[in-house]
Amino acid sequence: MPVIEVKDLSYTYCPGAPYEKKALDGVTLSVKRGEFMGIVGANGSGKSTLIQHFNGLLCPDGGKVIICGQDTSVKQRRDELWKKVGLVFQYPEQQLFEATVFEDVSYGPRNLGLGPREIRIRTEDALKKVGLEPESIADLPPICLSGGLRRRVAIAGVLAMQPEVLVLDEPTAGLDPLGRDMILNLIKKLQQEDRTTIVMVSHSLRELLTLADRIAVLENGKLVATGSPKEVLHQKDFLALPGIIMPDYLQLIHALAGRGKKVNTGISAMAEAELEIDRLLKEICGK
Amino acid sequence: MAAGSIELINVTKEYATGRSHKKCALDNITLTINQGEFVGLVGMNGSGKSTLARLINGLILPTAGKVFVNGIDTADRKSIIEIRRHVGMVFQNPDNQIVSPIVEEDVAFGPENLGCYADEVKERIDWALQATGMDELRHHAPYLLSGGQKQKVAIAAALSMRPDYLILDEPTSMLDPGGKYDLIENLKMLNEKYGITVMLISHHMEDVVHADRLIVLDQGQIYLEGTPREVFSSENFFSAGFKPPGIVQLVSNLRKRGHMIDENIITVQQMVEYICRL
Amino acid sequence: MKGLKLGQFVRGNSIIHQLDPRTKIIVCLVVIFSILINYKWYVILLNMSLIAAVIILSRIEPAKILRSLRKLRYLFLLTFIFQSILTSGEPLFHVGSVYVTREGVSLGVSTIFRLMILYLCSTLLTMTTSPLKLASGIESLFAPLRRLRIPVHQFSMLISAALRFIPTIIEEAQILTRAQRSRGAQFNSPSVIVRIKSMAAVLIPLLAASLQRADDLAAAMESRCYTGGSNQIRISKLRFGKKDKLALGLVSLVFLVFVFCI
């Protein structure tokens, strides 16, 4: 049974007003337990609107969103969803508000009504999961930390609630290359070692191609492609989608194919591109 | 101290972080940026990039050493307006640098502060908006624009002072790939067509591939300097945690496989042309 | 969020848009003054017809403006109820010991109209005047206060920047509210303490972010040669022309006659 099931979902901002905007239009999607689902799309394609349906912040205008077998159109259920689906917003470090790292990370567990012992265990566990030492960092004020560290603390704040599904909106936005790699490795580890179901939104097709089991592509509120990285690359011509840019090695393969060279465009990884070009060069030189 | 350049001479900048602690953001940097250049500046967080940017237009002053803009010392407070009109700045967060609730009025802010007359202000706004391709959105409210469009407004706002230099402090880090691409293309055009000197600070190697010169900062010091190709192929670049663009990695791997590919290839376009010429 | 957008400047080229901001501010003040000191029916009628005329001349969709009145409906209702039961006079009917009086009903209705006038005239002012013009208008009108060492220019800059940042901060507050709700903050909990704590989880980061914004904005303004602006020349130089003299003269005359003579 899928953890997240979205059936023909539509959502409109400010219905009736002159600036009404259809943010989602007939989206159907499902995420299996333990899966890593990537969602890619340009700004304004409806990515953020879609994931806010997953933990009950938004109620569908049309269609259904079923989380762990339960329909979210019932208000009481929506209000309980945050316990099951952890949502990490864009630039999550901006939400830190408590005086110490420990207090901030334990905010979620405290709201769950857990006992002090359980809160401590979960908080320390979550900090370890994001690669931080509870002993050295727990009592520091979050404001003293660097941007990358604060983001990890914010992610720990969501992990401490031990959600069944972890949804992340652009988790690497604005970080430097070291910070970016750190966060991506951490997310991958959560899926592989803890079997957490992951939904990650990104504009970077490159990040998702290497991490995700499946990718969904949104364009103007519509789902235009979904499947494994290779299937998605095959289904959708990303060169024609202005908001999403293909990794440069794929741009190269596609440009070569466009110039009449015989290359296999059905690849997704850098190593495959290398093999393709290697083969092509040998072919040319062999003649 | 030649006119027509930015010169940093033995610049050190320290910040006080507590009673007796000092953090050295820049450590004895000497650097010249010539007019007409497109310089890329990369470095991890905390490497001193922003400090360097803010030193150039006199927002902050060096603890030791001198910064000259067109021969004027930034420590000379009487000339600070003269320096700032020559050095346009664009910052990271697109939301936090637009002053006015209307695009056009925001672009007018600089010339107004310089005391330009109405006709001249209008001429400058028209030019700046046209040069950034924001002409059609001149009457819009900034908060309705996309991140990329907001950054272009910020560029237009700097251009309206008719600067020689444009210093951009991670302008692309909060943009989506489409917005990022447009912004870089716009900067290339401003550099080529109008001869504006650009110093672009970024984490993304794709942003600075086209630069004339690349400077890598690490812990307040110039770690590497050279053309993008020289920097990307340096072992030290890799060991500092940076990854060159995919194409550079691809070329290097193919060379290891025994293909004699031109080492100077750093963009997709160059690689396509190269293979098609074979 | 919608409500605040409604008071926002709507670009146009109508005669109302073209008027000097000072004219519009003064007329607004005259209108407000007149309904504060006098709540007779003909003053209300006069004000309503003036507002109607301005709406027509400004070529802003009337429905757009009138719809915004809807969000004040509870205020209107409450005002009406309080006025009608708290004013003494000739009783119309009573529920238990609460008497509704004729004077009360009349006062209630006129108060609703006066509130509407207050709201509409300030909305029309901001809808037909660009924020920067509004700021320079205020600055120019308050310029004499400079002699009293009141920083008039800084004040008008403050208004302009506030207008610019209100939508941004509202959006940020919405995002923070959702983010904290995702961590279990309860904004509609029956317990007041829980509600206050949840609010703090939004307000503290919102304040921190606003301080950061202020810091960034200051750097951006300084980089664009802002020095506190006493020698600044404005692009939207104010011109008090024939139209303005005419408009101001006419409005003042009519009001003087109505408010004091009749």
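The sequence lines fix the lettering, A, B, ..., with proteins before strands; numbering per chain opens at 1. Worth saying up front: this structure is predicted, and the values here are computed from it rather than measured. Basis for what follows: all heavy atoms, side chains included, without hydrogens, waters or symmetry-related copies.
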Pick one of side chain, backbone, both or neither for [X], based on which atoms fall under 4.5 Å of a heavy atom in chain A.
| X | value |
| --- | --- |
| E172(C) | side chain |
| A201(C) | both |
| A208(C) | neither |
| L207(C) | neither |

Would you say N111(A)'s side chain and R183(C)'s backbone share a donor-acceptor pair under 3.5 angstrom?
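Pair found, side chain donor or acceptor close to backbone of R183(C).
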Members of residues 48-58 of chain C whose heavy atoms come closer than 4.5 Å to chain A
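Within residues 48-58 of chain C, no residue comes under 4.5 Å from chain A.
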Taking [atom1] in [X] as the centre, count heavy atoms belonging to other residues, nucleotides or ligands within less than 6.0 Å. Is the count above 12?
| X | atom1 | answer |
| --- | --- | --- |
| K64(A) | NZ | no |
| Y91(A) | OH | yes |
| F82(C) | CZ | no |
| L36(C) | CG | yes |
| I193(C) | CD1 | no |
| K197(C) | NZ | no |
| R73(C) | CZ | yes |

Roughly how far apart are S182(C) OG and M161(A) CE, rounded to 0.5 Å?
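Going from OG on S182(C) over to CE on M161(A), the span is 7.0 Å.
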Gap between atom CG of L57(A) and atom CD1 of I175(C) - 0.5 Å precision:
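Result: 11.5 Å between the selected atoms.
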Heavy-atom check, side chain of V202(C) versus side chain of Q95(A), under 4.5 Å
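No, every pair of side-chain atoms sits at 4.5 Å or beyond.
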Taking side chain as C-beta onward, heavy atoms only, is F89(A) less than 4.5 Å from R178(C)?
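With C-beta onward as the side chain, the pair touches.
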Could you pull out the closest heavy-atom pair between A185(C) and Y107(A), with the gap in Å?
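Residues A185(C) and Y107(A), closest heavy atoms: CB-OH, 3.3 Å.
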Please name the pair of heavy atoms, one in Q94(A) and one in P205(C), separated by the smallest distance, quoted to 0.1 Å.
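Smallest interatomic distance, heavy atoms only, reads O-CB, 3.1 Å.
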Portion of Q90(A) that has a non-hydrogen atom of chain C nearer than 4.5 angstrom:
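For Q90(A), neither part sits under 4.5 Å from chain C.
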